[in-house]
Amino acid sequence: MAALGHTLPFYTGTKPTFPMDTTLAVIITIFLTALVTFIIILPGIRGKTRLFWLLRVVTSLFIGAVILAVNFSSEWSVGHVNANTTYKAFSPKWVSVDVGLQIGLGGVNITLTGTPVQQLNETINYNEAFAWRLGRSYAEEYAKALEKGLPDPVLYLAEKFTPRSPCGLYNQYRLAGHYASAMLWVAFLCWLLANVMLSMPVLVYGGHMLLATGLFQLLALFFFSMTTSLISPCPLRLGTAVLHTHHGPAFWITLATGLLCILLGLVMAVAHRMRPHRLKAFFNQSSEDPVLEWGSEEGGLLSPHYRSIAESPETQDIPMSVASSETCFKEEHPKESDCSL
């Protein structure tokens, strides 16, 4: 054993793992960078519109980040249990471990942590992902896990989600993930359109797109819940313990964000009916009805400047010269002494 570094033969050692999913890390980094950039230019905005502008930016970035993050999250359905179970194949030794199961829209993630971490002269700390997104084969990834000789609890849970498993978890969760992911991508497109419309003098349509963003998020939750509710009970036994799953953080965050979008859309619709001037003022647009002036110095189409009718130049009468007036009078009314325009 000493020659093998105090590890069991024929098994590879544990791989170093990043503390979070790299895709989520990239999404969070992009949106945080955008937020920091907007905060840097915040002092250049005058008056109390600075507070309104900051509130709009933070809310919009939060909604967009949530929609993208939950689409790639593996915590739509989660479960956790502490169990005493076998560790490796063909070994009678048992270990005390914490087993975690995270089910996302694109696959499952299984964690295995020893309590304590050092047991059987080995570090028990595994974090394995098995994907079923388009272009990925879950069966092939499970076959590779068998070749690597992963611990028994990881292989046992991964086997429950294979296409040939009698539990039927693979087809149900895969179908639910595809439909929910499609709805979230449509919600993201609606969010982009809402941002474009709210930067132009069509605020009411921006509110409608916010409503659509929230509705598509709720549709994603509906498809995920409806499809997974059709799954027949399949006990996940690890030794003497049973692992149960429930809705995870991604599910509840999506629900909260969808309700927030619907609430904001309804508020904008009501404000457009009841207080259109205040709504325009909140979005830094003139509350006067008017003549719309597009100036390059004001930012072009994305930052329109409204000029009220009172500020518009009035039509001025330009008097004709005296000589021209007299000539016109003599030609048209030769017998009259006065000429009027």
Side-chain angles (χ1 to χ4, degrees), residues 1 4-25 72-133 136-165 167 169-170 173-174 177 231 234-251:
M1 285 297 190
L4 297 172
H6 301 286
T7 59
L8 295 175
F10 310 116
Y11 293 114
T12 58
T14 57
K15 299 179 295 182
T17 57
F18 193 68
M20 67 181 301
D21 184 35
T22 53
T23 304
L24 294 180
F72 295 95
S73 174
S74 60
E75 295 187 349
W76 280 75
S77 185
V78 299
H80 180 271
V81 70
N82 183 274
N84 293 318
T85 180
T86 57
Y87 180 52
K88 293 287 188 178
F90 310 110
S91 174
K93 295 183 179 180
W94 286 40
V95 291
S96 177
V97 291
D98 285 328
V99 184
L101 175 64
Q102 296 89 34
I103 306 173
L105 303 182
V108 299
N109 195 80
I110 303 170
T111 59
L112 181 72
T113 306
T115 53
V117 177
Q118 295 290 339
Q119 298 183 54
L120 302 179
N121 296 325
E122 205 175 330
T123 300
I124 303 176
N125 187 14
Y126 290 85
N127 189 346
E128 302 294 331
F130 302 87
W132 54 55
R133 286 187 181 274
R136 304 284 293 273
S137 174
Y138 187 94
E140 291 181 3
E141 296 191 7
Y142 177 70
K144 291 179 181 178
L146 289 174
E147 294 176 0
K148 289 166 57 179
L150 293 179
D152 279 356
V154 176
L155 294 177
Y156 169 77
L157 292 177
E159 189 273 336
K160 292 294 184 179
F161 289 88
T162 55
R164 296 183 179 181
S165 174
C167 289
L169 299 177
Y170 174 82
Y173 276 109
R174 183 172 178 268
I231 299 174
C234 183
L236 304 175
R237 299 186 181 277
L238 297 164
T240 57
V242 179
L243 190 149
H244 300 280
T245 59
H246 53 85
H247 292 315
F251 183 92

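For the single chain, residues carry numbers from 1 onward in sequence order.
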Next item on the list: Quick one: list whatever passes ring pair (Phe, Tyr, Trp, His ring centres under 6.0 Å) with Y142, sequence neighbours left out.
Entry: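 Partners of Y142 under the ring pair (Phe, Tyr, Trp, His ring centres under 6.0 Å) test: none.
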
Checklist line | Those residues that, when tested against F130, pass ring pair (Phe, Tyr, Trp, His ring centres under 6.0 Å) (two or more places apart) | finding: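 If we apply the ring pair (Phe, Tyr, Trp, His ring centres under 6.0 Å) test to F130, skipping adjacent residues, the hits are Y138.
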
Margin query: Going by salt bridge (charged side-chain N to carboxylate O under 4.0 Å, His left out), name the residues that satisfy it together with R237, two or more places apart in sequence or in a different chain.
Written below: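 Partners of R237 under the salt bridge (charged side-chain N to carboxylate O under 4.0 Å, His left out) test: none.
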
Next item on the list: Could you verify whether a donor N or O on one side chain and an acceptor N or O on the other, from Y87 and E122, lie under 3.5 Å apart?
Entry: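 Side chains of Y87 and E122: pair found under 3.5 Å.
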
Hey, could you give me the [atom1]/[atom2] distance between [X] and [Y], rounded to the nearest 0.5 Å?
| X | Y | atom1 | atom2 | result |
| --- | --- | --- | --- | --- |
| L155 | E128 | CG | CD | 9.0 Å |
| I103 | H247 | CD1 | NE2 | 11.0 Å |
| R133 | L105 | CZ | CG | 6.5 Å |
| L243 | Y156 | CG | OH | 9.5 Å |
| L150 | L157 | CG | CG | 12.0 Å |
| L238 | L112 | CG | CG | 9.0 Å |

Check: If every non-hydrogen atom of K160 is compared with every non-hydrogen atom of S165, which pair is closest and at what distance?
Finding: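 Scanning both residues completely, I find the closest heavy atoms to be O-OG, 3.2 Å.
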
Item checked: Nearest heavy-atom neighbours spanning V97 and G114 ->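 Nearest pair, atom of V97 first, then G114: CG1-CA, 4.0 Å.
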
Item checked: Worked verdict on I110 versus Y126 for side-chain contact (heavy atoms from CB on, under 4.5 Å) -> CA-CA 8 Å; I110 303 170; Y126 290 85; over 6 Å; no

State whether the side chain of [X] and the backbone N or O of [Y] hold a donor-acceptor pair below 3.5 Å, judged by distance alone.
| X | Y | result |
| --- | --- | --- |
| W76 | P249 | no |
| K88 | K93 | no |
| T115 | S96 | yes |

Next item on the list: Start with the C-alpha gap between T123 and Q118, add the side-chain angles, then the distance that decides, and say whether side-chain contact (heavy atoms from CB on, under 4.5 Å) holds.
Entry: CA-CA 5 Å; T123 300; Q118 295 290 339; 2.7 Å; yes

Next item on the list: Applying side-chain contact (heavy atoms from CB on, under 4.5 Å), run through N127 and N109 and close with a yes or a no.
Entry: CA-CA 7 Å; N127 189 346; N109 195 80; 2.7 Å; yes

